[in-house]
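Report on one structure; see the data block that follows.
Convention: sequence-line order gives letters A, B, ...; per-chain numbering from 1.
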Amino acid sequence: MSHVRVRFAPSPTGFFHIGSARTALFNWLYARHTGGTFILRIEDTDKERNSEAFLNLIYDSLGWLGLNWDEGPRVGTSGGGDFGPYRQSERSAIYREQVDRLLAAGRAYEKDGAIWFKLLGERYEVFDDHRQKTVTKVRVPPVVIEDRIRGRVERLEDEDFVIVRSDGSPVFHLVNVVDDIAMRVTHIIRGEDHLSNTSKHVHLYEGFGVKPPEFAHIPLILKQSGPGKMSKRDQGALIEEYQRRGYLPEALVNFLCLLGWNPGDDREKMPIAEIIRLFDLPGVNQSNARFDEKKLAHMNMAYLLELPADRFVAEARAGFARQAETPAARAALAAPVEYFREVMLLSQPKIRGIEELPAYTAYFFTEDVAVDPKVRDKVMGKGDPKARLRELLAALPEMNFASDAAIEEALKALATRHGLGFGDYQAVARLAVSGTNAGPSITGLFRVLGRARVQARLERLLAA
RNA sequence: GUCCCCAUCGUCUAGCCUGGUCCAGGACACCACCCUUUCACGGUGAGAACCGGGGUUCGAAUCCCCGUGGGGACGCCA
């Protein structure tokens, strides 16, 4: 097969959402799988709804997800190319030229100040119930689309349609086809919502005397609950939200791949190189998929667990920085970097997401430890916790804080000396140092907090 | 309303093309138990699906038809 050229063609008219990201991802994967070219084209012909902020969001989100483009607007290390400009707002002259060609060839005409594409065939009038008006139809054979995912699809396109608005601006169908021809796009991979537009596009290709590219219409992502496809307003729909919550882009990408595609076996968590190796159009499903935030969260946790220490600490710090206005985050960021690092690494195997970190680790960075009253009542109401505290305090000066193993040994020795178990000290010590009953191992807690903090907190609880 | 697409556990899906190896496998979620020094992770197990009806066939989750359900499109939006 000749060199594959695919494109992702978003319009900067709204937030960048999960559905767009997956369309971009499938195009990117196909390009990377085939050694082809991934083009980013900005479809900003809707002057009313365009915004520079949304445009930057597209660049940011693609960049964050790691979906670098080979051709397109130049941003960071992505972009460039010989078929630009890649923003449709800068290609007006090209569209005007192509419309003139259609006009000259008799395949377009002017009506009501707009320019219409002319279908070839006998015309007749019919009343359209849905639109409540009489429309002119044309007798044409149905368009046959050999879709790489759907198979053979037939659709009748029997009305002329507008390609240039009366204000002179070109319409989506026109610019889409003109640019795909000009940019030598070989495969159009897009959402199934475009399947019904494809008949218009095929007519346009024929109008230009060009063989249409391959089409591949991917299934849609449905909202988590309730009817309909996912939209920008739905819970969990926005890419920037995951970015802000500290999700790992590789986890989101892995999850997104599995929405409508699978490697053909049971594997789910896969390195991107493996996904690229296995991804192909025939492996894409035909049915729509419902978005599941919980499964995404699980995938994210699995990636978090395996993250190398340096990267985890960096992600954690970024997460705190995003909440820098809260006292807890400010205190953590002000702490010595080595201490911050130790706290984060202690928490890494325990948390489900970066966003949990500030609350999960708050007591490491303040002496004003919040105490969970229910936990306090439960722990303090069982056995003789104050006696245990006194015994801990007595043993503390001699305790070796060098390692978790040393601390564990010391605590076990203490318990044995008093004819008790590890657990008899664990609960009350944890309450004293953290104010709660959940968290990293008590030995890790002692080691990272250090003798002085532990002593102060044990004493405080004893005095309470 | 018209046209187009789709249909396996609650959800994502394997199996379907090339019918028997499927009283349907995995994952998320839920529940139970185990592990354990709390909380997680992990482990084991349970419950949970071939939308309905016709056909074809010795045999259908797999092929065909009709229903039904879901989704999409029907703009001088993209």
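Here, B:rA61 and B:rU57 have their C1' atoms 16 Å apart, quoted to the whole Å. Taking the C1' atoms as reference points, B:rG69 lies 14 Å from B:rG53, given to the whole Å. B:rC50 and B:rU44 are spaced 27 Å apart, taking the P atom of each and rounding to whole Å. Taking atom P in both B:rC16 and B:rC41, one finds a spacing of 35 Å when rounded to whole Å.
Contact annotation: side chain of A:Asn197 to base of B:rA78, donor-acceptor pair present below 3.5 Å. For B:rA29, the base has no donor-acceptor partner in the side chain of A:Lys294 [N/O atoms by modelled type, under 3.5 angstrom]. A donor-acceptor contact under 3.5 Å links the side chain of A:Lys350 to the base of B:rC39. Looking at A:Ser196, its side chain has no donor and acceptor atom pair within 3.5 Å of the base of B:rC74. Applying the 3.5 Å distance criterion, the base of B:rU38 shares a donor-acceptor pair with the side chain of A:Arg430.
Nucleic acid contact class of A:Gly113 (heavy atoms, under 4.0 Å, all strands): none. Nucleic acid contact class of A:Arg352 (heavy atoms, under 4.0 Å, all strands): sugar-phosphate only. Counting non-hydrogen atoms under 4.0 angstrom, A:Leu220 reaches the backbone sugars and phosphates but no base. A:Ser11 comes within 4.0 angstrom of the backbone, heavy atoms only, and of no base. At the heavy-atom level, A:His194 lies under 4.0 Å from base atoms of the strands shown. If you check every strand for non-hydrogen atoms under 4.0 Å, A:Gly191 touches nothing. As judged by a 4.0 angstrom heavy-atom cut-off over every strand, A:Pro219 is placed among residues making no nucleic acid contact. In this structure, A:Gln224 reaches neither bases nor backbone, as no heavy-atom distance under 4.0 Å exists between it and the strands shown. Within 4.0 Å of A:Glu43, counting heavy atoms only, lie sugar-phosphate atoms of the nucleic acid but no base atom. Here A:Ser287 lies in heavy-atom contact (under 4.0 Å) with sugar-phosphate atoms only. Across all strands shown, A:Leu305 has heavy atoms under 4.0 Å from sugar-phosphate atoms exclusively, and none from any base. Residue contacts shown for A:Thr45 are limited to sugar-phosphate atoms, with no base heavy atom under 4.0 Å away. Contact annotation for A:Asp112: base contact, defined as any heavy-atom pair under 4.0 Å involving a base atom.
Following rounding to the nearest Å, A:Asp292 (CG) and B:rA27 (C1') show an atom-to-atom distance of 10 Å. Between the CD atom of A:Glu154 and the C1' atom of B:rA73 there is a distance of 17 Å, rounded to whole Å. Between the P atom of B:rA73 and the CG atom of A:Asp158 lies a distance of 19 Å, rounded to the nearest Å. When the C1' atom of B:rU13 is taken as reference, atom CG of A:Leu278 falls 16 Å away, rounded to whole Å. Note: CD (A:Glu157) to C1' (B:rU2) measures 13 Å, nearest angstrom. A:Tyr363 has its OH atom 15 Å from the P atom of B:rU38, to the nearest Å. Taking atom CE of A:Met270 as the reference point, atom C1' of B:rC12 lies 13 Å away to the nearest angstrom. If you measure from atom CD of A:Glu356 to atom C1' of B:rC39, you get 11 Å, rounded to the nearest angstrom.
Taking side-chain N and O atoms only, A:Gln286 has no distance below 4.0 Å to OP1 or OP2 of B:rC5. Look at A:Asn262 and you'll find a side-chain N or O under 4.0 angstrom from OP1 or OP2 of B:rA14. Between A:Lys137 and B:rC74 there is no side-chain N or O to OP1 or OP2 distance below 4.0 Å. OP1 or OP2 of B:rU13 lies within a sub-4.0 Å distance of a side-chain N or O belonging to A:Asn285.
The six-membered or imidazole ring of A:Phe255 lies near that of A:Phe291, with a centre-to-centre distance under 6.0 Å. When ring centroids are compared, A:Phe26 and A:Phe279 come within the 6.0 Å threshold.
In the displayed structure, A:Gln132 atom CD is contacted under 6.0 Å by more than 12 heavy atoms of other residues, nucleotides or ligands. Atom NZ of A:Lys386 sits in a crowded spot, with more than 12 heavy atoms from other residues, nucleotides or ligands closer than 6.0 Å.
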>> Walk me through whether A:Glu192 and A:Lys229 qualify under salt bridge (Lys or Arg N to Asp or Glu O under 4.0 Å).
In response: CA-CA 11 Å; A:Glu192 203 222 66; A:Lys229 64 172 173 172; over 6 Å; no
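Within residues 50-59 of chain A, no residue has a heavy atom under 4.0 Å from RNA chain B.
Checking B:rU37, B:rA27, B:rA73 against every side-chain atom of A:Asp193, the shortest atom distance belongs to B:rA73. Between B:rG71, B:rC76, B:rC6, one nucleotide has an atom nearer to the side chain of A:Ala114 than all others, and that is B:rC76.
The side chain to side chain contact (heavy atoms under 4.5 Å, CB included) with A:Leu29 is formed by just one residue from the set A:Leu281, A:Leu278, A:Ile275; it is A:Ile275.
By the 4.5 Å heavy-atom criterion applied to side chains, A:Tyr95 and A:Gln88 are counted as neighbours.
Closest heavy-atom contact between A:Val178 and A:Gln98: CG1-CG, 3.8 Å. Considering all non-hydrogen atoms of both residues, A:Val140 and A:Glu157 come closest at CG2-O, 3.2 Å.
For the residue pair A:Arg190 / A:Thr198, a side-chain donor-acceptor distance below 3.5 Å is found, with atom types taken as modelled.
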